[in-house]
Amino acid sequence: MILVKGVLSNGLVVGDMSEANFKEQSMYSEKYAKVIVKNNSIYTDNLFTYKIPEFLLEDVQVGHRVLVPFGRGNKPIEAYVFFITNKVEDNMDFKELFDTLDEHPIFKEEDINLIHWIKNRYLCTYMDCISLLHPKGYKVDSFKEISLSQDMENLDADSLYMKIDSLSKSRQFIINKIIENKNKIKLERLIKEKAIEENINPKDLRLSSTLNNLLLKMKEENLIDIHWNYKSQKNEKKICYISLSMDHDLIDEYVSYNKIRLGDKQRDIIEFLRYNEEIEINDLIKLLKASKSSITSLQNKNLVVFNIKDYYRSPKGCYDENKKEIILNEEQKKAVDKVTSEMFDENKKPYMIHGVTGSGKTEVYMEIIDYALKQGLDSIFLVPEISLTPQTISRLKNRFGDIVGVFHSRLSEGEKHDVFKAIKNGKIRILIGARSALFAPFNSLGVIIIDEFHESAYKSEKNPKFSAIEVGKYMALKRNITLVLGSATPSVEEYYRAKNNEYNLIAIKERANKRPLPKIELVDMKNELTLGNKGMFSYDLQNEIKEALDKNNQVILFLNRRGYGNFVSCRKCGYVFSCKNCDISLTYHKHQNIGRCHYCGYEEIIPKTCPECGSDYVKPFGIGTEKVEEEIKRIFENAKVLRMDKDTTSKKGELDNILNKFKNKEANVLIGTQMLSKGLDFKDVTLVGILSADMMLNFPDFKSFETTFQLITQVSGRAGRSDKEGKVVLQTYDTDHYVIRRALNYDFEGFYEDEIKVRKIFNYAPFNNMISVVVSGKSEKLVVNNIKSMYNSLTYLLKERGIEDFDFILGPSPCAISKINQNYRYQLLFKDDNIEINLLKGIIKYICITKKEIVFDKDVNISIDVNPNNIL
DNA sequence: AGCACGCCGACT
DNA sequence: GTCGGCGTGCTC
């Protein structure tokens, strides 16, 4: 932790700005900085203008982090310079900014442009965008400090004591505390001391209010000064290395000449350092069982020196991948050639690689990255969920070594900071990460690869609710970066754009192992019922599992629901156990005999008898992965089962553990949810069972057909990836659905043609943009009133612009999940049918952001999502 | 949001 | 006339 003292470079004490800030206009040419202040209120989320003081004219640049006085009290807070100008509105007074906070700007011009673009595209605040590009490792801590006034300090000791004696008790207390603390005390500290004195809770707001009033009086009485001070922190990990301060031959002489006495431990340390040039201090302590004190005393005797270096922790993956020599096939080579040959073209389009599962897309990406690297260009490799792709990470690390960095939102702020720093220093040249890795501060970014780009994880769920695909496209366009999207099952929207020449479409039709895709066998579950099979496994699937296990092969079973049963109810009265905080039925987890809400995490023990009617017909309904596991263990004696879902992989390392076990064949059946679909590659998997395609198909969302097709295709692709032929059993009640029909033959083109027609008819993406505004709050009445008033303001403004037809607005209506975490949720949905998207966005922005406090109550939350993933 | 200021009732 | 609690409005 580095602390920068609150003394400004012009020698001014922060807070003491009475004269300095409002100087008469002088000779130097004036410049002003427009800044965004770091404040999480949307009311302050606009550009503020500050005059750049003369002594900083040369230094302040666009993108600098600066310290500015803000508000009536001129509290110093962090701000970011967005642009610099010499033209400002007349008749306005501007404060001067205090100082810069870093030597160099943290944002480049292009970053500022990106922030503007994201803000406008997704209707979020500047600060939302800034926190994406700038890890929170830096912060400015502002605090008030109390000291004696100049008058008081000028008094000699006797007069001072007399003066203090004449004051009231509470004043004396404060003056004494200031003197005790070397004439400087933090307000916070003073409050604490006062609380101890009066034996009350320091968090009591009345105390601080009273104290503040008293302090203000004392300031008026010219007893004390109150001013702001600050500390600037950088969350950088540093490592301390220790070495001898002189050549090891000279040590003994130095010790005896200066008559230095050394303890045994200290001697050990010196002996050790004689033969080891430099060692990390903590290692030394461990190795020699030494204590910190012996080291500091050596330092005090000037025998050793510390060398503090930046620390960069490179996270190690636990999943081990064997190195293997890869030779690209014709199709792969073609893809690589196409992309690399155009890398320096000015007007290149983004690339979309549509390659079947197992077509070796990762190898293609690596070749592209390798080429870029040789041209001096850095690469970003996005994956949907970093924790699910240990295989990809280890492949990249194996090939490129230490220059590969990993970045995702689960890193600590410190770790994020380290990674960003290593990127700036050029230590990391290739970054693999989740969508947030897109904003890494590379010096010469040349390639962005987005793998499995159809995944919904590329759309952020929290502000800014950006889509990594869209941002990637924007960056590629603005900075001439090579953008490569890859998937076996492209999203319908992007594929439509590819068909319309927005992308270079590259198809890889053959699997890398030259084997055909595994055959998908369709099982009609309606028939199973007539045959008397009420279980979750059809006879066909049971036979296939048995055969695979007997042949010592592995099986993957896919079911898109975790837990044991999807709800618990009483057969007699129909009572359904549901979450106390949300409008959701509880999922049954048999292992702990609890019902759990998958939205807020609420849990309750499921009783044997119904709490409504008292009958004992309480039973879980539907199936989840937990029940599948139980059934498999019951039916197949030789099954060694692993389960992979959110319940079994929530802890760090558990996923690696499961994958490693399955890879080492400690288990032969892997049951899981959609996690399974993401790039797993096991050579002995010959059978994939999809237990219920209907569960996904019937999901109430316009993308559910697309998602179902993608999941079937992706999960099927896990089979037969090596020399052994694979097979897939697909169970469904809806055998005639076009999604199922197309998926059977891996007919993506056919599916796309079917689906795009539906999209066209109902005006869904890609033919339309959709904006969802959700108003939520603890009081349902308040939420309803608020969303109604929003609707009224909206229609009023639209009518003013001559729009009378409001068919493009859906709602206001309760959300599909009408309550989450005690918050009632109502929604307005907009499609840009008969209205220009920018006009619509402008009006929504005006109502929900600019005039928020007029339209909405402060007790409700407003969430705006442009082209949301789902509209629950 | 977070801060300063000003108003108003309670208490000396 | 002070003290202290709370509501209000602004932030370059």
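- Between the CD1 atom of Ile191(A) and the C1' atom of dC3(B) there is a distance of 13 Å, rounded to whole Å.
- Between Lys38(A) and dG2(B), a side-chain N or O to OP1/OP2 separation shorter than 4.0 Å is absent.
- Between Glu853(A) and Lys858(A) there is no salt bridge, since no side-chain N of the basic residue sits under 4.0 Å from a carboxylate O of the acidic one.
- Nearest heavy atom pair, residue Val775(A) against residue Val783(A), reads O-CG1, 3.4 Å.
- In this structure, CD of Glu78(A) is placed 17 Å from C1' of dT11(C), rounded to the nearest angstrom.
- Rounded to a whole Å, the CG atom of Asn40(A) is 6 Å from the P atom of dG2(B).
- As a whole-Å value, the separation of Arg72(A) CZ from dC3(B) P is 13 Å.
- In this structure, the CG atom of Asn39(A) is 13 Å from the C1' atom of dC12(C), given to the nearest Å.
- Residue Leu187(A) contributes atom CG, which lies 10 Å from atom P of dC3(B) at whole-angstrom precision.
- Of the side-chain N and O atoms in Lys217(A), one or more sit less than 4.0 angstrom from OP1 or OP2 of dC3(C).
- Closest contact between the side chain of Lys75(A) and the listed nucleotides dC12(C), dC3(B), dA1(B) involves dC3(B).
- In this structure, Lys858(A) atom NZ and dC10(C) atom P are separated by 17 Å, rounded to whole Å.
- Look at Thr210(A) and you'll find a side-chain N or O under 4.0 angstrom from OP1 or OP2 of dG5(C).
- A ring-centre distance under 6.0 Å is found for Phe94(A) and Tyr32(A).
- Using cut-offs of 30° and 60° on the angle between ring planes, the pair Tyr474(A) and Trp117(A) is parallel.
- For the pair Phe143(A) CZ and dC3(B) P, the computed distance is 14 Å after rounding to whole Å.
- Place Lys144(A) and Lys852(A) on DNA chain B by their nearest nucleotides, and Lys852(A) ends up nearer the 5' end.
- Nearest nucleotide to the Trp228(A) side chain, out of dC3(B), dC12(C), dA1(B): dC3(B).
- Side-chain atoms of Phe48(A) lie closest to dC12(C) of the nucleotides dC12(C), dC3(B), dA1(B).
- Counting any heavy atom pair closer than 4.0 Å across all strands shown, Tyr50(A) reaches sugar-phosphate atoms only and no base atom.
- Put simply, OG on Ser789(A) and OH on Tyr791(A) are 13.0 Å apart, with the number rounded to the nearest 0.5 Å.
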